[in-house]
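Contents: one structure, followed by commentary.
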Amino acid sequence: MMVGVVVSGLLELGTASPSPVRRERRITYSGELRSETSLPERLATYVGYDATTSVPSAKTIRAEAGAVMNRLEIAALLPMREEAQALVDEMLAASRAARRAAGPAKQVIKRRVR
Amino acid sequence: MRLFETGRWPAIWDKADLDRALQGIVEAGPEFEAKFFQQGELRGGFACQGDIVEFRSMLPLISEDGEIVAADEYEHWMVLGNTCDMDRDEVEHSTIVPLEVIQPAPTEDKLLILRSYAFYRQFYVPPWRDDEQQAHRMAMFVNPVTIEKKAFRDDCARIVARLEFGAWALLHLCLVRYLARDDGRHD
């Protein structure tokens, strides 16, 4: 489901006319909206996406989302490295600890109503 | 004045264009920060995707107890909402994410890693020209917040820096990568 939403989001992001929108189990076209940011559409074309009029299975969506990443990796545009993410997480944890030592981290705005 | 009468980014048509846009920024070396942000005057009152806005606010979120809470306070945020939606009257809201200051300031070795963009849950934002703190920050993709577009006015959420074309293309790729990476549920 999440992957489906993600793929739907990718299809919607910056797509030129017509704009595909996922509703229920179908991707529909919502009108003549235009985007001024062409990169996601071109990127989608580059990685092999095409807008569809029927919704593929969750398995297919997962495979397509994986293909996006694979092609980005193969093209070496922006390779991901777990050790880089770990270093960033470490830096941010240190920043957060220093900040939270200076004051309360959370204030309740609305209590949960059961 | 409507944004799109004032100019727009050139289209990126293929991988070569994309490579060129990215190389200009990722391989900028010592000029990385100078190439990251637009150097001219900003046109106020109209937020674009990737803009840095000065806007002191706490982060609203649902806590571990299911309560609505205001968490850490942030001074600067990045606009993630699409620029073209800013021009549409029927769209009331946009999306912003907080910029977390990295403390202590990263060493040169760590800066090299930050400029590689090999991590994926955040987007590295270098100091901009008029930033008094000259701080290194991270745009936190995991903490998106909805904002009313009308808040993007100088007396509320002042726009203080705008991405250059290469940095904006980089932001797009990082967003796509963040959303589309394998979720590992069937590993």
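In this text the structure is predicted, and so the values were computed from the model without any measurement. Every chain is numbered from 1 and lettered A, B, ... according to where its sequence line falls, protein lines coming before strand lines. When reading the values below, keep in mind they use all heavy atoms of this one structure, side chains included, and skip hydrogens, waters and symmetry mates.
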Inset, instruction - Answer yes or no: are there more than 12 heavy-atom neighbours, outside B:Glu64 itself, under 6.0 Å from its atom CD? - result: no

Legend entry - Single-linkage hydrophobic cluster B:Phe36~B:Leu112, side-chain heavy atoms < 4.5 angstrom: no

Legend entry - Side-chain heavy atoms of A:Asp89 within contact of B:Arg121, under 4.5 Å: yes

Inset, instruction - State which residue, out of B:Asp72, B:Leu59, B:Asp65, B:Val69, fulfils the side-chain contact (heavy atoms from CB on, under 4.5 Å) condition with A:Lys106. - result: B:Val69

Inset, instruction - Determine whether B:Val160 and B:Val97 fall in the same hydrophobic cluster, where Ile, Leu, Val, Met, Phe, Trp and Tyr are linked whenever their side-chain heavy atoms lie under 4.5 Å apart. - result: yes

Inset, instruction - Quick one: pull up CD1 in B:Ile68 and CD1 in A:Ile109 and give me the separation to the nearest 0.5 Å. - result: 7.0 Å

Legend entry - Nearest-0.5 Å distance that lies between atom CD in A:Gln107 and atom OG in B:Ser63: 13.0 Å

Inset, instruction - Would you name the heavy atoms of A:Ser95 and B:Gln103 that are closest together and state the gap between them? - result: OG-N, 2.7 Å

Inset, instruction - Take atom CD of B:Glu148 as the centre, draw a 6.0 Å sphere, and report whether it contains more than 12 heavy atoms from other residues, nucleotides or ligands. - result: no

Legend entry - Atom CD of B:Glu92: over 12 foreign heavy atoms under 6.0 Å: no

Inset, instruction - Check for a donor-acceptor pair, side chain of A:Gln85 on one end and backbone N or O of B:Tyr120 on the other, with a separation under 3.5 Å. - result: yes

Inset, instruction - Taking side-chain contact (heavy atoms from CB on, under 4.5 Å) as the test, write out the residues that go with B:Leu114, two or more places apart. - result: A:Val88, A:Met91, B:Ile102, B:Pro106, B:Leu111, B:Phe119, B:Tyr124, B:Met138

Legend entry - A:Arg99 to B:Tyr74, cation-pi by 6.0 Å centre distance and 45° axis angle: yes

